[in-house]
Amino acid sequence: MDNTGTSRVLGMKANLLLCFVLLCIVGIEVFLTYRHLSTETLLAFLLVLAFFEAAIAVTYFMHLKYESPNLAWSLIPALIFVLFMMGNMLPDAMRVLNLRVIHW
Amino acid sequence: MNEPEVAVGIDHETWNEESPYRIPSRKLGMWLFILSDAVTFAAILYAYAFVRLATANWTRPFEVSSIVNGVVMTTVLLVSSVTTLAALDAAKHNQRSRSVTWLGVTMLLGMLFAALHIREWIKMIDKGWRLFQNPTGGPVLFGSTFFCITGLHLMHIIAGVVAIAVVAIKYSRGSLDTGHVESVGLYWHFVDLVWMFVFPLVYLMNAK
């Protein structure tokens, strides 16, 4: 009995194809690594590709595409907000490296 | 006064209200767990990325053999995601033994991933890398970030293998249903998803 709440999902052939696409993206990541780009540029490229891979995995492997839109609207914006806030708050924590002990 | 009289005034339909997400509670619980775990990984990866960019003479220890090992580990994990989907597909068609077989294959792939991971750790430790020790004399931060991030991920892999084993055994006995197979599958896909960030950020960013 199917009590998963998800009725129609991709077939196994499509899943294998997606797996192949994800492996190709990993191949692109390795290729970019040996192009000797600057650290910042490489980080930006790798993050964009990793987010693309994550989007495919969440949408098709984790079946978020086939769930109620309410679920995606509850989870994804909240996660993006937290990630955005971390990106804003963490640079402030780097000040610790420049702090000095003051002897009165 | 007996129990039913206490509930006077409460419409029975109130208790059977449809979930706004139209999914079983256990699946919603797994999604919420995944969300909180994603934030945990995001926090350590953010911290690592900032420290990595802020340290000028960061050590890049990974030779081509380690990157190849990382690609093999990624392939193993991606294939294990597909076998998890095969297990769910079989469960939805009420083919219990086929579903359990695919769950077993997923477990084997998870154990292979863990073995490759531990082999990489042993290689690093043999070279003198420790949590707070850099054998090349550079900043010690690489060792601490590498072992913490990959260690946390490895713990998730081991927990996933144990969870899949428990679900497979109970599902084969008939005490769990398709929903449980899907929930453990969701967790496994999440572990795979996290590796899609760990591999490029920790391995590729530190390739020689």
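Sequence lines set the chain letters: A, B, ... in the order given, protein chains first and strands last, and positions in each chain run from 1. Heavy atoms only: backbone and side chains are in, while hydrogens, waters and symmetry mates are out.
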Of the backbone (N, CA, C, O) and the side chain (C-beta and beyond), which part of [X] lies under 4.5 Å from a heavy atom of chain A, both, or neither?
X: B:Leu186; value: both
X: B:Ser81; value: side chain
X: B:Phe190; value: both
X: B:Val181; value: neither
X: B:Leu78; value: both
X: B:Arg96; value: neither

> How far apart are the C-alpha atoms of B:Arg52 and A:Thr39, what are their side-chain angles, what is the distance that settles it, and do they pass the side-chain contact (heavy atoms from CB on, under 4.5 Å) test?
Replying inline: CA-CA 9 Å; B:Arg52 171 77 177 79; A:Thr39 307; 3.8 Å; yes
Flag side-chain contact, heavy atom, 4.5 Å: [X] against [Y]:
X: B:Leu85; Y: A:His63; value: yes
X: A:Leu22; Y: B:Thr74; value: no
X: A:Val30; Y: B:Val71; value: yes

> With respect to chain A, which residue among B:Val39, B:Val82, B:Leu204 yields the maximal number of heavy-atom pairs within a distance under 4.5 Å?
Replying inline: B:Leu204
Check whether [X] gets within reach of chain B through its side chain, its backbone, both or neither, counting any heavy atom under 4.5 Å.
X: A:Phe51; result: both
X: A:Val82; result: side chain
X: A:Met62; result: both

>> Please determine whether a side-chain nitrogen of the Lys or Arg among B:Arg22 and A:Glu67 lies less than 4.0 Å from a carboxylate oxygen of the Asp or Glu.
In response: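 Looking at B:Arg22 and A:Glu67, the cut-off is not met.
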>> For B:His189 and A:Phe61, take the angle between the two ring planes, folded into 0 to 90°, and tell me which bin it lands in: parallel under 30, tilted 30 to 60, perpendicular over 60.
In response: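 B:His189 vs A:Phe61 ring planes: tilted.
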>> Under the criterion side-chain contact (heavy atoms from CB on, under 4.5 Å), I'd like the reasoning laid out for B:Thr75 against A:Val26: C-alpha separation, chi angles, the key distance, then a yes or no.
In response: CA-CA 9 Å; B:Thr75 308; A:Val26 173; over 6 Å; no
> Short question: side chain of B:Tyr21, backbone of A:Ser74 - any donor-acceptor pair under 3.5 Å?
Replying inline: no
